[in-house]
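Below is one structure, written out as structure tokens; comments come after it.
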There are 2 protein chains.
Amino acid sequence: MSQDGPGVELDSSLGYLLKEASSALRAAMEGVLRPLGMTVTHYSCLELLAQRPGLSNSELARGAFVTRQSMNVLLQALERDGYVTRPEEAPVGKVLPTRLTTRGRRSLQKATVAVRSVEDRMLGGMTAEERSGAFKILRSMIRSLQDSAEGAP
Amino acid sequence: MSQDGPGVELDSSLGYLLKEASSALRAAMEGVLRPLGMTVTHYSCLELLAQRPGLSNSELARGAFVTRQSMNVLLQALERDGYVTRPEEAPVGKVLPTRLTTRGRRSLQKATVAVRSVEDRMLGGMTAEERSGAFKILRSMIRSLQDSAEGAP
DNA sequence: AAATCTATGTCAGAATACTGACATGAGTCA
DNA sequence: TGACTCATGTCAGTATTCTGACATAGATTT
């Protein structure tokens, strides 16, 4: 049947296409991360901490697009398994700054290589101009959606 | 703090941007669908059936990017509540073709208006050329990811 | 200074989606 | 024809995420 997903009007919907692309990316990432015993959210959390050490639970949650509660259970597991550390008491306020351990950094290294290969494949068939165009367009979509969301509370 | 999500290298990652855009779109859709008592998957299923009547459970699942099992429980609920109908026995094979009822169509109408407003907002700041560019680029990404996924089983 | 507002961390319960497994029908190939 | 492969519908159990709620710390306002 020559895999031809649903194709009447949905193919003309940018929203559907966006979801399809995101879904394909997630599936590809899961595919390369599974052998490493890592989920996408798991990886996202570690990557965020590598690039911005000391992020709080809530900040990590926003960065990984999950709720604080979900990130909290993940962080507890990561802390238990020795990938990250959090101070016993909050240095200021209630915010607990999280940091990668050596083990966490080592684990992240392998994952980064795997994920980068996926992203490279995704960028493969695109010219430099198309890439910068993709950035511009995605940012435009995000801004439009966020603005309207804030405008109507 | 002028909401500035995590922003070191991640802002230069197309994958992260794609996830961010998709997440923003989903949040916006949830926002307009919630007052109608409808989830995104719920709406997706109805929209698929409106455009391609007679789709099977498995086909709907692929179209809505969930598993057959998840779509099955949704379909059972939709059938119970009178939004869709499925024949008692399969006309051919095991495939049960699903169709919208009048109630389902009516319910979908309101949702479609709401969702279209979101998509319009998303397309708001884009020129016609940027839109066609967005289509081209998203399709390119999907194709690259799918090809590589099929190539390495 | 006091009150209000906002954001955070965390607990508990509910909803949702997923993995694993099974039987069945249809197409394929020897 | 018979064995094999593939896809489908469905059941059961698991896992993950979300919603709701609470107490608390800092910022803002009065």
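Reminder, nothing fancy here: chain letters follow the sequence lines and each chain counts from 1. Below, each value reflects all heavy atoms present in this structure, side chains not excepted, and no hydrogens, waters or symmetry copies.
- In this model, the phosphate group of C/dT8 is approached by a side-chain N or O of A/R62 to a distance below 4.0 Å at OP1 or OP2.
- The separation between B/L75 atom CG and C/dA17 atom C1' is 15 Å, rounded to whole Å.
- Side-chain atoms of A/Q69 and base atoms of C/dG13 include no donor and acceptor less than 3.5 Å apart.
- Here B/R34 reaches the OP1 or OP2 of D/dT19: one of its side-chain N or O atoms lies under 4.0 Å away.
- A/Y16 and B/F65 have tilted rings, their planes meeting at an angle from 30° to 60° on a 0 to 90° scale.
- Atom CE of A/M38 and atom P of D/dA15 are 19 Å apart (whole Å).
- Summarising the geometry, the separation between CG on A/L78 and C1' on D/dT16 is reported as 14 Å, rounded to the nearest angstrom.
- Within 4.0 Å of B/S70, counting heavy atoms only, lies at least one base atom of the nucleic acid.
- Counting only distance, with no hydrogens or angles, the side chain of A/E119 and the backbone of B/L14 share a donor-acceptor pair below 3.5 Å.
- Per the geometry, CG belonging to B/L60 stands 12 Å off P belonging to D/dT10, to the nearest Å.
- With B/R103 contributing its side chain and B/D81 its backbone, the two residues share a donor-acceptor pair below 3.5 Å.
- Computed from coordinates, the A/H42 NE2 to D/dT16 P distance equals 11 Å when rounded to whole Å.
- Rounded to a whole Å, the CG atom of A/L96 is 12 Å from the C1' atom of D/dA25.
- The shortest distance between the side-chain N/O atoms of A/T67 and the OP1/OP2 oxygens of D/dT19 is not below 4.0 Å.
- The CD-P distance, from B/E79 to D/dT10, rounds to 9 Å in whole Å.
- At the heavy-atom level, B/E30 lies nowhere under 4.0 Å from the strands shown.
- By the 6.0 Å contact criterion, CZ on B/R34 is open, its count of non-hydrogen atoms from other residues, nucleotides or ligands being 12 or less.
- B/L74 comes within 4.0 angstrom of no nucleic acid atom, judged by non-hydrogen atoms across all strands.
- Phosphate contact (OP1/OP2 of D/dG9, side-chain N/O of B/N72, threshold under 4.0 Å): absent.
- Between B/N57 and D/dT8, a side-chain N or O to OP1/OP2 separation shorter than 4.0 Å is absent.
- Phosphate contact (OP1/OP2 of C/dG9, side-chain N/O of A/S58, threshold under 4.0 Å): present.
- Mapping A/T39 and A/K94 onto DNA chain D via the closest heavy atom, the residue that lands nearer the 5' end is A/T39.
- With DNA chain D read from its 5' end, the first of the two nearest nucleotides for B/P97 and A/G93 is the one closest to B/P97.
- B/M71 has its CE atom 13 Å from the C1' atom of C/dT16, to the nearest Å.
- With A/T101 contributing its side chain and A/Y83 its backbone, the two residues share a donor-acceptor pair below 3.5 Å.
- If you check the side chains of B/S140 and A/E130, you find no donor sitting under 3.5 Å from an acceptor.
- Contact annotation: B/R86 side-chain N/O to D/dT10 OP1/OP2 distance is under 4.0 Å.
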